[in-house]
Engineer: 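I am attaching a structure below and will ask some questions about it afterwards.
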Amino acid sequence: MHLTKPCGSNSSSSSSSNNSNKGGAIANTFHSSKSSNKMARITRTISPQRHHIHQRSLPHTLLLAVAAIALLQLQHLESVSAQSMMTKNEPMFISRSETFKFITGETIVLPCEVANTDTYVVAWKRGIAILTAGSVKVTPDPRVRLVNGFNLQIREALPTDAGDYICQIATMDPREITHTVEILVPPRIHHISTGGHLQVKKGSSVRIECSATGNPMPNVTWSRKNNILPNGEEKLHSHVLSIENVDRHKGGVYICTANNRVGQPASSQVVLHVLYSPEIAVERPVVFSGEGHEAMLVCIVHGETQPEVIWFKDTMQLDTTERHIMETRGSRHTLIIRKVHPQDFGNYSCVAENQLGKARKTLQLSGKPNVAVFNSPPISQYKDRYNISWAVDSHSPIEEYKLSFRKLPQGHEVVGNAIDSQSSSSSLSSSQSSSSSSSQMYGSGLHSHHMGSNIGGVGGAGGVGMGSYAGYGNLMHWGRNDWRNVVLPAIPVSHHYSQGMSYMVRGLDPDQHYEATVQSRNRYGWSDLTNSFVFSTSSNDGPVDLSTFLNHGLSDNEMRDLSVTFYGSSAINRQKLGLLALSSATLILSLVLA
């Protein structure tokens, strides 16, 4: 029995030894491979002690082989996953390169948003200068700092801040984006050649330069305060303003304006003073007045420097008296004559003098009548006659009128109630002088045939003088361009300021244009001649127009030779009532006679 156990024991030991050798070989094989630490740990864990291996350990060996194969596959998957993770987590920029525009004084913010940069340094550079590295500010400029991560901020932007800024990730192959900064500068005027004030003599030439800076470069324009430029334009697009042949009308305040649409436009002004001798303009060359009334003679005087003004009556210098008062308001110089005497009428002059020269202008104080104004309708209702009327202002009573009329020559264009021709006045003056005696005789003879006495004084209550004449008898026949003059005494004499007359012109041709002019005379002389007044005859006799008769106070259908001119609103109503009160028999008789 004891002999068997050793055999068995030996046999078992031999078997165990063989198994142990096999297990050791596998273990050595795994240990000699380029396995990981995990594999070594697993191998050591699975490997049995050589002296304790049982004959039934073969399944365990197969299990160990399967585990080794699974571990190799696991290592391969871990390697692929690590490579994939490294590719996914590379550093990158979220921001893109851009160009930014900022106005001086604003705060610059340049974006630099990045991802996956935990193990990398993000830096800002400008040229070769490093501004920041990571979260550390390198530049000593106190205006620079990082905000909200790696965004670069620069406060109070200056023109020198313009340029390229680089945000960089410090990888083996550096990655970067570039921002371009443009600084916009509002316009500024830094030079005007005249320094803001300029004095030049009349007739000189002026050149003014205006220089401006800014980004972008501003446009420069010239304008004139409360006026247009001497060239007639409102603005001049140029940095140079040139003015030729300067006079007082070209003086004033000139404004240079620079604008580049950044901020507010810049402007500067130049005051141009023109030095010139006095220049005088009279308000009215002829001032009409009457005895006992007040007269005002006005001279408008300009000069640089301010001139001194002296008044003269003919050649005698006037001093301030109780009746002669001299006033100055700005450039307006006035001589006031109170309670005009007959000896006050005549020529006056104002003399202005400054350091650059002297000037004189002459005025006239006249007691003569003003120029008459025609107030009759331009078209007659009848083909062979026309009642012409006019009014005139005169402080003294009108003594007589001189009426001149003629058929309008061919080729004269009628414009309103005037004619577009210079020949009328010249031919009028020549024909009047040659035919004055015959015309006045003709007029006197014609006036001897009027209906009763002159209708005068009807408008007296209304504060206006009035007269009437009606001519008839022999028909008038004259050459195509002949003028006819008629002198009409003002009977009765009116003492009203506004006075008037009407006259019936007969023997006219149908459907023709005529022109007329009139002068008035009072005790101080004849007035100036009126402009030509154009009237026309009708092609056929027309019906009675009572409204025209009442409104105008005259008509071609009046009672035969009755012709009345009405003036003054207070007199018109009484005159209308007087006309309406005429008996029907008188009105019918008048129409029959007409």
Side-chain angles (χ1 to χ4, degrees), residues 284 286-296 337-342 344-345 364-377 387-403 443 447 450-470 486-504 516-531 533 549-555 558 561-582:
R284 287 181 295 167
V286 180
V287 177
F288 297 96
S289 187
E291 293 183 39
H293 294 273
E294 184 178 271
M296 298 178 63
I337 303 175
R338 292 180 175 175
K339 297 181 180 180
V340 172
H341 295 172
D344 291 328
F345 295 116
Q364 182 183 5
L365 178 60
S366 175
K368 298 176 183 180
N370 284 264
V371 177
V373 177
F374 291 97
N375 54 17
S376 51
N387 195 346
I388 188 169
S389 65
W390 60 88
V392 61
D393 292 337
S394 176
H395 289 85
S396 298
I398 300 297
E399 297 179 356
E400 63 180 346
Y401 302 94
K402 182 186 292 184
L403 172 67
H447 301 150
H450 57 268
M451 181 178 176
S453 61
N454 291 324
I455 309 299
V458 176
V464 186
M466 170 280 303
S468 170
Y469 275 95
V486 180
V487 177
L488 306 172
I491 302 174
V493 174
S494 172
H495 292 274
H496 298 285
Y497 177 66
S498 294
Q499 305 170 49
M501 178 64 70
S502 68
Y503 178 77
M504 178 69 72
T517 185
V518 73
Q519 282 181 286
S520 310
R521 184 180 68 81
N522 62 13
R523 60 178 293 190
Y524 296 103
W526 287 95
S527 70
D528 290 336
L529 200 65
T530 63
N531 292 327
F533 172 75
F549 180 75
L550 293 177
N551 291 332
H552 291 284
L554 52 98
S555 175
E558 64 279 345
D561 296 318
L562 178 62
S563 175
V564 182
T565 302
F566 301 117
Y567 307 97
S569 59
S570 60
I572 289 178
N573 294 333
R574 285 189 290 271
Q575 292 159 0
K576 288 182 179 180
L577 291 175
L579 290 172
L580 291 175
L582 293 174

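Throughout, numbering of the chain's residues begins at 1 and tracks the sequence.
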Engineer: Roughly how far, to the nearest 0.5 Å, is the OH atom of Tyr524 from the NE2 atom of His395?
Structural biologist: 11.0 Å
Engineer: Compare every heavy atom of Asp528 with every heavy atom of Val371, then report the nearest pair and how far apart it is.
Structural biologist: CG2-CB, 3.8 Å
Engineer: Please report the shortest heavy-atom distance between Asn522 and Ser396, naming the atom on each side.
Structural biologist: ND2-CB, 3.6 Å
Engineer: Using atom types as modelled and distance alone, determine if a side-chain donor or acceptor of Ser366 lies under 3.5 Å from a backbone N or O of Phe288.
Structural biologist: no
Engineer: Answer yes or no: is there a donor N or O on one side and an acceptor on the other, between the side chain of Asn387 and the main chain of Ser502, under 3.5 Å?
Structural biologist: no
Engineer: Minimum heavy-atom separation for Met296 to Arg284, with atom names?
Structural biologist: O-NH2, 3.9 Å
Engineer: Main chain of Ser520, side chain of Ser527: is a donor-acceptor contact present, judged purely on distance under 3.5 Å?
Structural biologist: yes
Engineer: So, taking the atom named OG in Ser389 and the one named CE in Met504, what distance separates them when rounded to the nearest 0.5 Å?
Structural biologist: 10.5 Å
Engineer: Ignoring hydrogens and angles, tell me if any N or O in the side chain of Gln499 forms a donor-acceptor pair with the backbone of Ile398 under 3.5 Å.
Structural biologist: yes
Engineer: Under a 4.5 Å cut-off applied to non-hydrogen side-chain atoms, are Thr530 and Trp390 in contact?
Structural biologist: no
Engineer: Which heavy atom of Leu529 sits nearest a heavy atom of Gln519, and at what distance?
Structural biologist: CD1-CG, 3.3 Å
Engineer: Any idea how Phe533 and Phe374 line up, ring-wise: parallel (<30°), tilted (30 to 60°), or perpendicular (>60°)?
Structural biologist: parallel
Engineer: Tell me if a side-chain donor or acceptor on Glu294 pairs with a main-chain N or O of Arg338 at a distance below 3.5 Å.
Structural biologist: no
Engineer: Once rounded to the nearest 0.5 Å, what's the spacing between atom CE of Met501 and atom CD of Glu400?
Structural biologist: 10.5 Å
Engineer: Using the side-chain hydrogen bond (donor to acceptor under 3.5 Å, both in side chains) criterion, which residues pair with Gln364? Sequence neighbours excluded.
Structural biologist: none
Engineer: Under 3.5 Å, is there a donor-acceptor pair between the side chain of Asp393 and the main chain of Asn370?
Structural biologist: no
